[in-house]
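Only one structure is covered here, and it is reproduced in the block below.
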Number of protein chains: 2
Amino acid sequence: MKNQTDVQLNLLIDSIKQDIIFGRLRPRERLLEDQLSERFNMSRHQVRMAFSVLDQMGLVTRRPNKGAIVRDFSVEEAEEVYELRALLQGEAARRIPMPAPADLLNRLDQIQEAFCAAADAGDLQRVCKLNNEFHGVIFGACNNRYLAETIDRFWIQTLGIRCYAIGDPALLVHSRNEHAAMIRYLREGDRESFVQLCIDHIWRPFEAYKRAHGGWTTLQQSA
Amino acid sequence: MKNQTDVQLNLLIDSIKQDIIFGRLRPRERLLEDQLSERFNMSRHQVRMAFSVLDQMGLVTRRPNKGAIVRDFSVEEAEEVYELRALLQGEAARRIPMPAPADLLNRLDQIQEAFCAAADAGDLQRVCKLNNEFHGVIFGACNNRYLAETIDRFWIQTLGIRCYAIGDPALLVHSRNEHAAMIRYLREGDRESFVQLCIDHIWRPFEAYKRAHGGWTTLQQSA
DNA sequence: GGCGACATGATTGTCAACAATCTTGTTGAA
DNA sequence: TTCAACAAGATTGTTGACAATCATGTCGCC
């Protein structure tokens with residue numbers, strides 16, 4: 001299906017995504033083609049291709065002859081993205097069949113169990129992966145592939161915003177409880193509560209982001 | 001700002017977009033790199049770059065070693081896209097300040113005037129361009145750049161669907177009247193009617209598409 | 001010392017040749 | 001006739017070298 005260079009390419013893309021969500025790569029940080037091509041043993045062309053994909057994903061920004069930098073959101077921009085995410089996730093929540101199909105509930109239970117285990121074990125990387133999976137499965141069930149796709153798109157774009165929340169144990173507990181509540185509402189068929197929770201759920205990481213950016217106005221925004 | 005090859009690249013992209021909206025390029029039709037590179041006097045590399053952009057735009061589909069084809073929507077897929085568009089445009093309509101700023105109304109009046117002139121002159125290309133502009137300006141006024149961007153994204157993706165409507169004089173008259181009504185509602189501050197019209201406005205081209213695809217189930221969809 | 005012109009190194013952008021892959025047509029045997 | 005194996009042509013994918021551009025440091029002049 002996929003040839004080998006595609007695999008390598010995805011490897012690089014995932015690696016950069018990881019670096020962004022865990023804050024190892026900071027907003028506006030430069031990404032050098034030579035550096036990465038050497039580190040990952042791939043041609044500069046492939047790195048460039050990866051940049052192009054990441055650019056379209058909205059994770060990095062490219063300017064002619066100046067290369068790629070990690071995308072930066074001003075607080076205002078971040079707020080607008082979150083408003084849109086709230087709209088989309090609310091609509092998706094309204095479109096999920098209810099009471100939810102047993103198949104969906106089973107998968108969510110499984111993911112939630114693994115999520116709790118990873119959280120207890122302090123395995124942040126696995127927590128993050130399972131969190132992605134949980135959201136993907138929930139909103140993938142909305143019966144509109146483009147709605148699901150768009151939710152996923154902005155889920156990825158906000159990796160760099162959510163990185164301020166990833167390490168906070170209090171937020172992790174919140175996530176876990178809210179995920180459990182989502183499953184409960186789905187099982188009980190409590191649509192109103194479910195929709196509201198899907199909307200409210202996204203804002204806590206944004207609050208963390210705002211706190212981190214509080215005070216300083218965005219410097220060299222137009223540079 | 002932009003270097004020359006970027007200009008050429010955009011030229012090719014716009015040309016392909018035009019070919020899709022006017023139905024000169026049909027869904028699932030192949031796009032050959034050599035052919036285009038010769039026709040536009042550019043390197044195959046640049047054509048390939050353009051394909052990549054068009055792929056991300058959702059206008060063409062690429063499969064490894066099989067090249068690029070014009071994207072095809074099944075009727076079901078098209079319906080889902082239109083549902084999402086309805087959601088997004090409705091929300092944008094709700095967010096436009098009302099009564100609308102004079103500046104916005106002036107720009108819309110201008111575009112509408114030019115639109116009518118082009119329609120009377122039978123200049124379809126200009127009609128299309130002004131139609132794009134009208135929608136861009138309206139939804140750009142929603143005060144959320146990502147909402148506007150996403151509306152635009154699906155506006156472009158549905159070029160290939162709307163192509164079935166572009167030549168129909170009756171639909172052209174409808175468009176013109178509905179645009180006039182939108183401006184009127186904006187001016188009068190009639191939000192309810194405005195929102196409803198923004199949602200309803202999109203469906204007529206989809207009906208034309210459904211009629212064109214009526215009967216035959218989508219062949220070789222998974223090939 | 002301050003400032004602009006120039007030189008240098010670092011980085012990205014472009015291209016054309018070569019390799020890999022797919023598609024199509026042909027042949028020959030069952 | 002039908003089918004599989006093979007061959008030839010068409011098309012896409014990859015690479016390395018070279019060109020263009022940008023950022024930084026240096027020098028001489030005022």
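Chain identifiers are assigned alphabetically (A, B, ...) following the order of the sequence lines, protein sequences preceding nucleic acid strands; residue numbering begins at 1 within each chain.
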> Which whole-number value in Å describes the distance from Met49(B) CE to dT14(D) C1'?
Replying inline: 14 Å
> Should we count CD of Glu149(B) as having more than 12 external heavy atoms under 6.0 Å?
Replying inline: yes
>> Please report the distance, rounded to the nearest Å, between CZ in Arg62(A) and P in dT12(C).
In response: 10 Å
> Separation of Arg48(B) atom CZ from dT11(D) atom C1', in whole Å?
Replying inline: 10 Å
> Taking the six-membered ring for Trp, are Trp203(A) and Tyr82(A) parallel (under 30°), tilted (30 to 60°) or perpendicular (over 60°)?
Replying inline: tilted
>> When you measure from the side-chain N and O atoms of Lys66(A) to the phosphate of dG13(C), is any distance below 4.0 Å, counting only OP1 and OP2?
In response: no
> Rounding to a whole Å, what distance do you find between Leu31(A):CG and dA10(C):P?
Replying inline: 19 Å
> Roughly, in whole Å, what's the span from CG in Asn65(A) to C1' in dT14(C)?
Replying inline: 11 Å
>> For a side-chain contact (heavy atoms from CB on, under 4.5 Å) check, start with the C-alpha distance between Arg153(A) and Arg153(B), then their side-chain angles and the critical distance, and finish with the verdict.
In response: CA-CA 12 Å; Arg153(A) 186 179 162 77; Arg153(B) 188 178 161 76; 3.6 Å; yes
> When the nearest nucleotide of DNA chain D is assigned to Arg44(A) and to Phe51(B) on a heavy-atom basis, which residue is associated with the more 5' position?
Replying inline: Phe51(B)
>> Counting runs of three or more consecutive pairs, Watson-Crick or G-U wobble, with each distance below 3.5 Å, where are the stems of DNA chain C?
In response: C:1-30 with D:1-30
> Which whole-number value in Å describes the distance from Asn41(B) CG to dC15(C) P?
Replying inline: 12 Å
>> Students often mix this up, so state it plainly: with edges at 30° and 60°, are the rings of Phe115(B) and His179(B) parallel, tilted or perpendicular?
In response: tilted
> Taking only side-chain nitrogens and oxygens of Gln46(A), does any of them come within less than 4.0 Å of OP1 or OP2 of dT15(D)?
Replying inline: yes
> Taking CD1 from Ile69(A) and P from dA23(D), how many angstroms apart are they, rounded to a whole number?
Replying inline: 12 Å
> What integer distance in Å separates Leu32(A):CG from dG9(C):P?
Replying inline: 19 Å
>> Tell me whether His45(A) and dT14(D) count as stacked here, given that the ring centres must be under 5.5 Å apart and the planes must differ by less than 30 degrees.
In response: no
>> Treating Gln112(B) as the side-chain partner and Arg176(B) as the backbone partner, does any N or O pair qualify as donor plus acceptor under 3.5 Å?
In response: yes
>> I'd like to check the salt bridge (Lys or Arg N to Asp or Glu O under 4.0 Å) partners of Asp109(B); sequence neighbours left out, ordered by chain and number.
In response: Arg187(B)
> Should we say atom CZ of Arg24(A) is surrounded by more than 12 heavy atoms from elsewhere, each under 6.0 Å from it?
Replying inline: yes
> Mapping Ser43(B) and Asp34(A) onto DNA chain C by nearest heavy atom, which one lands closer to the 5' end?
Replying inline: Asp34(A)
> So what does Arg30(B) touch, heavy atoms closer than 4.0 Å: a base, only the sugar-phosphate, or nothing?
Replying inline: sugar-phosphate
